[in-house]
Amino acid sequence: MASVSNTDGDQTHTEPRLLDRVRKQLVLRHYSGRTVDTYVQWVRRFVVFHGKRHPEEMGEPEVAAFLSHLACVRHISANTQNQALAALLFLYDAVLGRALQELECVVHAKRPTRLPVVLRKDEVRSLLGRLSGVEWLMASLLYGSGLRLMECCKLRVKDVDLTRLELLVRDAKGSKDRITLIPKTLKDPLAAHLAESRRQHAVDVRCGAGFVALPNALREKYPNAPREWPWQWVFPATRRYRDSETGEERRHHLHETVLQRAVRNAALQEGFTKPVSCHTLRHSFATHLLEAGYDIRTIQELLGHSDVRTTMIYTHVLNKGGFGVHSPLDSMRD
């Protein structure tokens with residue numbers, strides 16, 4: 001029996017076989033590692049909530065009760081409740097082999113309508129001015145290329161084209177690839193960073209290390225790829241680690257919290273009153289392109305949005321003040 005903990009820290013037990021089956025099916029369908037862990041955790045919480053009953057003994061009423069509990073008692077956000085629902089739908093459909101029917105009695109968490117936080121150009125300039133080194137380069141790519149945080153962290157050398165000034169973002173949100181731009185001002189700093197990283201990789205190889213994790217089964221198809229330069233991370237971690245399965249000494253990509261802390265500290269030093277995160281730079285990228293007159297469909301492609309309505313949210317935060325309307329107070333004459 002495997003130990004399981006719910007959100008309140010209570011310890012209980014359930015069959016590890018079910019969670020292993022969930023994890024296996026998620027991996028087979030190429031879900032990201034984070035999604036795998038998140039879905040397994042939601043299945044665990046669902047089982048614990050219903051007194052360790054096996055999901056095969058339960059159905060729509062129990063799922064609805066759990067989701068309603070999350071909204072009414074735990075007061076979770078609508079996005080989190082939808083995440084839990086997706087995990088349970090996957091459990092019943094892909095693992096237990098019976099799709100859930102309509103869940104009409106679920107109490108849904110209210111989805112608030114919020115506009116993205118956007119910095120002015122001068123605020124972006126001052127924020128980036130507080131950063132240096134790798135953190136500055138990564139934050140500059142978030143703003144200059146419209147990257148998400150993990151898209152930046154997971155860039156590989158082979159996906160950087162300094163000649164065409166293009167980045168190939170692979171396996172982004174929704175398992176989609178896309179191409180976005182590299183700012184001209186970052187061409188030389190990025191080239192210098194890659195040259196230094198390549199020297200570091202050469203040292204690792206001479207030490208018997210220099211391996212990198214590959215997605216899916218690519219290492220079976222390309223057995224030499226884990227040590228080849230094109231497959232290395234653009235932003236490698238400062239320390240090596242030994243993989244428990246292969247025994248290889250590898251470098252992971254730089255952990256995302258490094259950049260998150262750096263951006264947060266820079267925002268605090270600047271005294272910004274608005275909440276600033278790494279994603280704020282992506283929001284600012286889209287808004288400033290709209291201000292510059294670029295077509296919204298082009299911006300949609302650069303951001304990787306499936307629906308243009310997602311991109312349209314930036315039309316509401318253009319730096320025009322009051323939707324570009326001039327207040328009658330400003331037109332009053334003395």
Side-chain angles (χ1 to χ4, degrees), residues 32-34 36-37 124 127-162 167-172 180 182-183 185-216 218-219 222 224-270 276-282:
S32 70
R34 290 190 172 194
V36 171
D37 293 339
V124 174
L127 180 74
L128 295 177
R130 293 282 185 177
L131 302 172
S132 61
V134 175
E135 290 89 350
W136 170 83
L137 183 55
M138 295 178 74
S140 297
L141 280 175
L142 297 188
Y143 173 66
S145 304
L147 298 180
R148 298 179 178 91
L149 172 60
M150 293 310 299
E151 291 173 351
C152 184
C153 291
K154 292 183 177 181
L155 281 175
R156 296 188 189 257
V157 174
K158 64 185 182 62
D159 298 325
V160 178
D161 189 337
L162 290 176
L167 289 177
L168 177 53
V169 182
R170 294 186 183 272
D171 197 24
T180 188
I182 298 175
T185 54
L186 294 185
K187 180 178 181 179
D188 291 340
L190 189 53
H193 169 77
L194 288 173
E196 178 60 33
S197 296
R198 188 165 194 172
R199 286 191 288 269
Q200 180 188 66
H201 175 63
V203 172
D204 287 348
V205 171
R206 288 196 295 269
C207 294
F211 293 89
V212 69
L214 296 184
N216 304 325
L218 281 178
R219 69 174 296 119
Y222 307 111
N224 296 324
R227 297 186 90 182
E228 293 175 350
W229 168 242
W231 284 96
Q232 303 302 309
W233 305 113
V234 172
F235 301 106
T238 56
R239 296 181 181 180
R240 300 194 297 252
Y241 73 98
R242 188 169 298 278
D243 182 68
S244 58
E245 294 184 3
T246 64
E248 297 171 345
E249 197 166 354
R250 300 175 173 177
R251 282 190 191 271
H252 196 46
H253 59 71
L254 193 67
H255 201 274
E256 62 272 17
T257 55
V258 174
L259 184 56
Q260 287 173 325
R261 284 195 298 266
V263 170
R264 173 172 170 75
N265 289 337
L268 290 175
Q269 291 169 8
E270 282 299 312
V276 176
S277 68
C278 291
H279 211 64
T280 304
L281 294 172
R282 174 174 157 92

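Keep in mind that what you see is a predicted model, and the values were worked out from it rather than measured.
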Seminar exercise, completed: Nearest heavy-atom approach of Ala139 to Leu281 is O-CD1, 3.6 Å

For this session: Find the distance between SG (Cys152) and CG (Leu141) and round it off to the nearest 0.5 Å.
Result: 5.0 Å

Exercise. Is the shortest heavy-atom distance from the side chain of Val169 to the side chain of Asp159 under 4.5 Å?
Worked result: no

For this session: Starting from the C-alpha separation in whole Å, work towards a yes-or-no answer on side chain to side chain contact (heavy atoms under 4.5 Å, CB included) for Phe235 and Leu137.
Result: CA-CA 10 Å; Phe235 301 106; Leu137 183 55; 3.8 Å; yes

Seminar exercise, completed: Taking every heavy atom of Ala209 against every heavy atom of Arg227, the minimum-distance pair comes out as O-NH2, 2.8 Å

For this session: Examine distances only and state if a side-chain atom of His193 and a backbone atom of Gly133 form a donor-acceptor pair shorter than 3.5 Å.
Result: no

Problem set entry | Sidechain-backbone polar pair: Arg251 side chain, Ala237 backbone, donor-acceptor under 3.5 Å | yes

Exercise. Could you state the interatomic distance from CG (Asp171) to CE (Met150), rounded to the nearest 0.5 Å?
Worked result: 11.5 Å

Problem set entry | Main-chain N/O of Arg261 paired with Asn265 side-chain donor or acceptor, under 3.5 Å | yes

Seminar exercise, completed: Closest non-hydrogen atoms of Val157 and Val234, given as atom of the first, atom of the second and distance, are N-CG2, 3.7 Å

Exercise. Given Trp233 and Lys154, is the side chain to side chain contact (heavy atoms under 4.5 Å, CB included) satisfied, shown in steps?
Worked result: CA-CA 7 Å; Trp233 305 113; Lys154 292 183 177 181; 4.0 Å; yes

For this session: Indicate yes or no for a side-chain donor-acceptor contact from Arg156 to the backbone of Trp231 under 3.5 Å, with no hydrogens or angles considered.
Result: yes

Exercise. If you measure from NE2 on His255 to CZ on Arg239, what distance do you get to the nearest 0.5 Å?
Worked result: 13.5 Å

Seminar exercise, completed: Gly210 and His201 have their tightest heavy-atom pair at O-CE1, 3.1 Å

Problem set entry | Closest contact, heavy atoms only, Gln232 versus Glu228 | NE2-O, 3.0 Å

For this session: Please step through side chain to side chain contact (heavy atoms under 4.5 Å, CB included) for the pair Leu142 and Val263, ending with a clear verdict.
Result: CA-CA 11 Å; Leu142 297 188; Val263 170; 5.6 Å; no

For this session: Return yes when atom OH of Tyr222 has more than 12 non-hydrogen atoms of other residues, nucleotides or ligands closer than 6.0 Å, and no otherwise.
Result: no

Exercise. Can you tell me how far CE of Met138 sits from CG of Leu131, rounded to the nearest 0.5 angstrom?
Worked result: 11.0 Å

Problem set entry | Side-chain donor/acceptor of Arg250 to backbone N/O of Asp243, under 3.5 Å | no

Problem set entry | Non-hydrogen atoms of Leu127 and Ala266 that approach each other most closely | CD1-CB, 3.6 Å

Exercise. Do Thr180 side-chain atoms and Ser145 backbone N/O form a donor-acceptor pair below 3.5 Å?
Worked result: yes

For this session: Using modelled atom types only, decide if a donor and an acceptor are shared between the side chain of Gln269 and the backbone of Arg264 within a distance under 3.5 Å.
Result: no

Exercise. How about Ser277 and His279: does a side-chain donor come under 3.5 Å of a side-chain acceptor?
Worked result: no

Exercise. Backbone N or O of Gly247 within a donor-acceptor pair of the Arg242 side chain at under 3.5 Å?
Worked result: yes

For this session: Go through Asp161 and Leu167 one step at a time and tell me if the side chain to side chain contact (heavy atoms under 4.5 Å, CB included) criterion holds.
Result: CA-CA 6 Å; Asp161 189 337; Leu167 289 177; over 6 Å; no

Problem set entry | Nearest-0.5 Å distance, CZ of residue Arg282 to OH of residue Tyr143 | 14.5 Å

